[in-house]
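Treat the numbers as computed from the prediction; the structure is a model and nothing was measured. Note on naming: letters A, B, ... go to the chains in the order of the sequence lines (proteins, then strands), and numbering restarts at 1 for each one. Because only heavy atoms are used, hydrogens play no part in the values below, and waters and symmetry mates are left out as well, while side chains stay in.
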Amino acid sequence: MIGIKTIREQTSLVRDALKARNMTGPIDEILESDLKRRALLVEVENGRAERKEAGKAIGKAKTEADRNELIAAQRSGADQLDELESQLKNIDSSLNELLLEIPNLPHPELPLGGEESAEVILIGDGMNNEELFSTPKSLDDFTIEPASSIPHWDIGRDYGYIDFERGVKVSGSTFYMLRSDGARMQRALINWMLDLHHEHGFEEVYPPFVVRTESLVGTGTLPKFSDTLFGIENSDLWLIPTAEVPITNMYRDEILDHAQLPIQHSAYTACFRREQFSAGREVRGIKRGYQFDKVEMVVFTREYESWKMLESLLQNALDVVRKLGLRYRVLRLASGDIGFSASMTYDIEIWSPGSGEWLEVSSVSNFTDFQARRAGLRYRSEDGSVKHLHTLNGSGLGIPRTFAAILEQNVLPDGRVRIPTVLQSYLGNQEYLLPVKSV
RNA sequence: GGAGAGGUGGCCGAGUGGUUGAAGGCGCUCGUCUCGAAAACGAGUAAGCGGCGAAUGUCGCUUCAUGGGUUCGAAUCCCAUCCUCUCCGCCA
């Protein structure tokens, strides 16, 4: 959340931020509640101070008669205080609910607008032919190429790497099963990515795939986006939509020391999202599903180094794409398109020649202190003061779309798929994924 | 799943209704001592919110797992929830 002090003291900044997101928020209501709350708080505090004094006097009373007299005198004050305290509690919780609805402030340098206003800042093809645009290009500057290869869902089905029908039979629409070299390839991708991040200095974590409500509030997913989550009946537990949730909450309510920072974690998890997508083109193949695998990076930093970390996190994610030899581009999202908790986001998209579209495989964001406020992530700074951390995360990468692009880019006419060099040692030094026809 | 014990400051740990934000110890910081260090000694050492102030500040309130309740007053009594530990049962 953003601090009440920011809303109180820099109201116009907050209003502008909402406008940039093309949203409205209950700012007036918040300011009004805040004013009321503080007035009430002063009354309550005075009442409590009186009660405290009276309590001391009662404790010291010499005779039973004195004591009873003092208690009688205190009784009416206690009733009044009760009433004020319950009013305060109500206003506190409603103010808190309102604050949880306010998104993070987008970075002022973001392009204004929605999805269509994203800027293309980089485009490349594997380790070669990378082009960095010193002046970002608009999406309109590029024409979408038509599909130029067999789509991965056909490759997967025809050569036995992906069994869609059996996945649907067992678990329903959008679920699939990977088989043989398809399943082995996914495992290789996960292992290789984790190893690469390890080389980049990330500490690997294996978190729970199920979290409590408070953890989802911490990252900003709840209370607003409950309809995109899978909740577990008869419990306070939810399936995680991303490893970001358990990892970001690791240090909840702790005060870290500045010398520990930055902390960089990587993790593999399955991710579960109940997204509302229309059947057909959108969900064709393994581009979108209720369950997908992802390797995620999460970073905790001091506030003065988070923007620098955003760039290095982007480079780490790009390293994965480059080493796999994929064609990719990097977008800087516009103010109206970044996520609720983010202040700035880069998307890495890879080219899917089979479906003729760019697929997002990584979203790299700086959340500034927004999640840290919600989750109580703090550190003791060099000068001894306690400050909120900044959190960042980025996928490194989403597995199914990466796999899909590899299938489409590397498939041979006989159904074999050339394995990117970096992955071969993870697959027993095989050079090709080998089709299975007996399905 | 059954039986029991327990959750107090960065850590250990006292405290069973009234000057307890909380004894004592450890750790940490500063000082004395020392050529320096150790030891010893002395002092300090929570966070959140709010009032006042231009400000170093200062005053107040809250917090003893969490949420309710009893009471003039709760770390202390009652209820619920969460978590930890021990024993038994079950189990990949």
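If you take CG of L81(A) and C1' of U71(B), they are 14 Å apart, rounded to a whole angstrom. For the pair D253(A) CG and U66(B) P, the interatomic distance rounds to 11 Å; values are reported in whole Å. Taking atom CD on E254(A) and atom P on G48(B), their separation rounds to 15 Å, with Å as the unit. If you take CG of N68(A) and P of U71(B), they are 16 Å apart, rounded to a whole angstrom. Per the geometry, CD belonging to E45(A) stands 11 Å off P belonging to G60(B), to the nearest Å. For D92(A) and G50(B), the CG to C1' distance is 11 Å, given to the nearest whole Å. Regarding H388(A), its NE2 atom lies at a distance of 11 Å from the C1' atom of A47(B), rounded to whole Å.
Pairing for G18(B) goes to C72(B), judged as Watson-Crick or G-U wobble with the two contacts each under 3.5 Å. With a 3.5 Å ceiling on both atom-pair distances, the Watson-Crick or G-U wobble partner of A80(B) is U66(B). Judged by Watson-Crick or G-U wobble contacts below 3.5 Å, the nucleotide C33(B) has no partner. When both distances must be under 3.5 Å, the Watson-Crick or G-U wobble mate of G1(B) is C88(B). Across all strands shown, G60(B) is found opposite C49(B) as a Watson-Crick or G-U wobble partner, with both distances under 3.5 Å. Judged by Watson-Crick or G-U wobble contacts below 3.5 Å, the nucleotide G24(B) has C12(B) as its partner.
Rounded to the nearest Å, the gap between the P atom of U66(B) and that of G7(B) is 13 Å. Separation of the C1' atoms belonging to U34(B) and C41(B) is 14 Å when rounded to the nearest angstrom. Between C64(B) and G69(B), the distance separating the two P atoms is 16 Å to the nearest Å. Here the separation of C12(B) from C90(B), taken at their P atoms, is 35 Å to the nearest Å. U81(B) and G27(B): their C1' atoms are spaced 34 Å apart (whole Å). Taking the P atom of each, G21(B) and U76(B) are spaced 13 Å apart, rounded to whole Å. Rounded to a whole angstrom, the distance from the C1' atom of G48(B) to that of A55(B) is 23 Å. Comparing the same atom, P, in A74(B) and in U86(B) gives a spacing of 36 Å after rounding to whole Å.
Considering only side-chain N and O atoms, K52(A) lies under 4.0 angstrom from the phosphate OP1 or OP2 of U62(B). In this structure, R380(A) does not reach the G10(B) phosphate: none of its side-chain N or O atoms is under 4.0 Å from OP1 or OP2. Within the structure, a side-chain polar atom (N or O) of R38(A) is placed less than 4.0 Å from OP1 or OP2 of G51(B). Using a 4.0 Å cut-off, some side-chain N or O of R212(A) falls inside it from OP1 or OP2 of C83(B).
Here the two rings, on Y290(A) and F272(A), have centers that are 6.0 Å apart or farther. Two rings, from F403(A) and Y161(A), have their centers 6.0 Å or more apart. In this structure, W307(A) has its ring center under 6.0 Å from that of H107(A).
Residue-level contact check: Q74(A) touches the backbone only, with heavy atoms under 4.0 Å from sugar-phosphate atoms and none from bases. Counting any heavy atom pair closer than 4.0 Å across all strands shown, R8(A) reaches sugar-phosphate atoms only and no base atom. Within the 4.0 angstrom heavy-atom criterion, base atoms lie near R67(A). Backbone-only engagement by L41(A) is indicated by non-hydrogen atom pairs under 4.0 Å involving sugar-phosphate atoms exclusively. Residue contacts for V44(A): at a heavy-atom cut-off of 4.0 Å it reaches no nucleic acid atom on any strand shown.
Using a 4.5 Å heavy-atom cutoff, the side chains of I162(A) and R157(A) are not in contact.
Here the straight-line distance linking atom CZ of R374(A) with atom OG of S215(A) works out to 12.5 Å at 0.5 Å rounding. Rounded to the nearest 0.5 angstrom, L31(A) CG and K36(A) NZ are separated by 12.5 Å.
Side-chain N/O atoms of R48(A) and base N/O atoms of G73(B) include no donor-acceptor pair closer than 3.5 Å.
Taking for each of R378(A) and A78(A) the nucleotide of RNA chain B with the nearest heavy atom, the 5'-most of the two is the partner of R378(A). Mapped onto RNA chain B by nearest heavy atom, I71(A) and K60(A) fall at different nucleotides, with K60(A) at the one closer to the 5' end.
Ring geometry, Y251(A) versus F300(A): the interplanar angle exceeds 60°, so the pair is classed perpendicular (tilted spans 30 to 60°).
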